[in-house]
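The structure under discussion appears below in the form of structure tokens.
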Amino acid sequence: MSRFVLPLRVYYEDTDASGVVYHANYLRFFERARTEWLRALGLGQERLMRDLGIAFTVANLEIDFRAPARLDDALEIRTEVQQIRRASIVFEQTLFRAGEPTLLARARVRIGCVGSADFRPAPLPEPLEQAIARWRDAAQIQPNGIG
């Protein structure tokens, strides 16, 4: 299965008073990885809204916290597509310290595709389905850089 990997660094602003990543920031990290995955496919969020008239909204989210990420940790977020439906995509995302096997957090996220004008459910557009199919055929894609 194809996997998108995003490197990330933990900054002071991501942590609580004890130097541990605040729980809500894991959601931001996972969101950033899905956004960079789309960008790596050549279909950034802005293009999807402007050219294809769609946006994504989180329909369901489950997250398991296993071990804390800490200030200055180099992290690796792995994103895999688990299921594609007519108007949604289910992702499994995992977070590790770079180069280490210990799982820090795991999320299962169902993203709904909606019309950007009315936010009503919309089918995944063909260019997105084609880009995902090409990605699944590839062994792995990487982001252009941290940003």
Side-chain angles (χ1 to χ4, degrees), residues 1-11 13-15 21-70 72-147:
M1 177 173 292
S2 296
R3 174 186 300 151
F4 176 78
V5 179
L6 180 71
L8 189 74
R9 175 75 62 186
V10 176
Y11 296 104
E13 67 189 24
D14 300 319
T15 64
V21 171
Y22 181 66
H23 71 278
N25 288 331
Y26 288 85
L27 301 177
R28 289 179 40 234
F29 296 164
F30 289 135
E31 174 79 24
R32 192 172 303 158
R34 292 190 310 275
T35 297
E36 292 301 326
W37 170 77
L38 280 169
R39 186 173 283 130
L41 291 179
L43 294 167
Q45 302 270 3
E46 178 65 26
R47 180 171 175 219
L48 290 172
M49 288 187 282
R50 182 188 66 236
D51 297 345
L52 301 177
I54 62 144
F56 291 106
T57 184
V58 173
N60 183 270
L61 170 71
E62 299 172 24
I63 188 166
D64 293 318
F65 299 100
R66 302 290 180 92
R70 300 180 185 278
D72 288 330
D73 279 353
L75 303 176
E76 182 178 284
I77 301 171
R78 301 173 188 171
T79 300
E80 297 180 12
V81 173
Q82 295 295 305
Q83 182 181 49
I84 297 176
R85 299 181 115 181
R86 181 177 179 273
S88 66
I89 303 172
V90 176
F91 294 93
E92 179 173 284
Q93 294 184 274
T94 51
L95 179 70
F96 296 85
R97 273 187 207 86
E100 294 185 18
T102 303
L103 177 66
L104 303 180
R106 170 178 284 135
R108 181 175 168 87
V109 186
R110 184 167 51 91
I111 304 298
C113 183
V114 296
S116 58
D118 60 10
F119 273 72
R120 296 181 67 124
L124 297 174
E126 189 174 326
L128 177 59
E129 289 182 331
Q130 291 171 349
I132 292 170
R134 284 190 304 272
W135 171 69
R136 284 184 150 177
D137 290 340
Q140 188 171 3
I141 59 173
Q142 294 293 326
N144 292 329
I146 298 175

What's the spacing between I89 CD1 and I132 CD1 if we round to 0.5 Å? 4.0 Å

Can you tell if the side chain of I63 reaches within under 4.5 Å of the side chain of L27, non-hydrogen atoms only? yes

Are there over 12 heavy-atom neighbours, none belonging to R86, within less than 6.0 Å of that residue's CZ? no

In the structure I gave you, are the side-chain heavy atoms of V58 and I111 within less than 4.5 Å of one another anywhere? yes

Looking at side-chain heavy atoms only, is the closest gap between L6 and T79 below 4.5 Å? no

For T94 and I77, what are the C-alpha separation, side-chain angles and deciding distance, and is it a side-chain contact (heavy atoms from CB on, under 4.5 Å)? CA-CA 6 Å; T94 51; I77 301 171; over 6 Å; no

So how far is it from C113 SG to I54 CD1, rounded to the nearest 0.5 Å? 3.5 Å

Quick one, R28 with D14, criterion salt bridge (Lys or Arg N to Asp or Glu O under 4.0 Å). Give me CA distance, side-chain angles, the key distance, then yes/no. CA-CA 10 Å; R28 289 179 40 234; D14 300 319; 3.6 Å; yes

Nearest 0.5 angstrom please: T102 OG1 to R97 CZ, how far? 7.0 Å

Nearest heavy-atom approach of A33 to F4 is O-CE2, 3.5 Å

Ignoring hydrogens and geometry, is there a side-chain-to-backbone donor-acceptor pair from Y26 to A69 under 3.5 Å? yes

What is the minimum heavy-atom distance between P68 and L104, and which atoms define it? O-CD2, 4.0 Å

Please determine whether the number of non-hydrogen atoms from other residues, nucleotides or ligands lying under 6.0 Å from atom CZ of R108 exceeds 12. no

Is the backbone N or O of R106 less than 3.5 Å from a side-chain atom of R66, with the two atoms forming a donor-acceptor pair by type? no

Heavy-atom closest contact (A122 atom, G115 atom, distance): CB-N, 3.7 Å

Provide the closest heavy-atom pair for Q45 versus F56 in the form atom of the first, atom of the second, distance. OE1-CD1, 4.3 Å

Closer than 4.0 angstrom, basic N to acidic O: yes or no for E80 and R78? no

Without swapping roles, check the side chain of R120 against the backbone of V114 for a donor-acceptor pair under 3.5 Å. no

Would you say the ring centroid of W37 lies under 6.0 angstrom from that of F91? yes

Within the distance-only criterion (no hydrogens, no angle test), does the side chain of S2 pair as donor or acceptor with the backbone N or O of R136 below 3.5 angstrom? yes

Are side-chain heavy atoms of V90 and V109 found at a separation under 4.5 Å? no

In terms of side-chain heavy atoms, does R34 have a donor or acceptor partner in Q93 at a distance below 3.5 Å? yes

Measure the spacing between CD of E62 and CD of E92 and express it to the nearest 0.5 Å. 10.5 Å

When you compare the side chain of F30 with that of L95, does any pair of heavy atoms fall below 4.5 Å? yes

Inter-residue atom distance T57.OG1 - R110.CZ, 0.5 Å rounding: 10.0 Å

Tell me the closest heavy-atom pair linking N25 and E13, and the distance in Å. ND2-O, 4.1 Å

Where is the tightest heavy-atom contact between V5 and E76, given as atom of each residue plus distance? CG1-CG, 3.2 Å

Please round to the nearest 0.5 Å and tell me the distance separating atom CG of L128 and atom CG of L41. 7.0 Å

L75 vs P7 side-chain heavy atoms within contact, under 4.5 Å: no

Are the side chain of D51 and the backbone N or O of L48 linked by a donor-acceptor pair below 3.5 Å? no

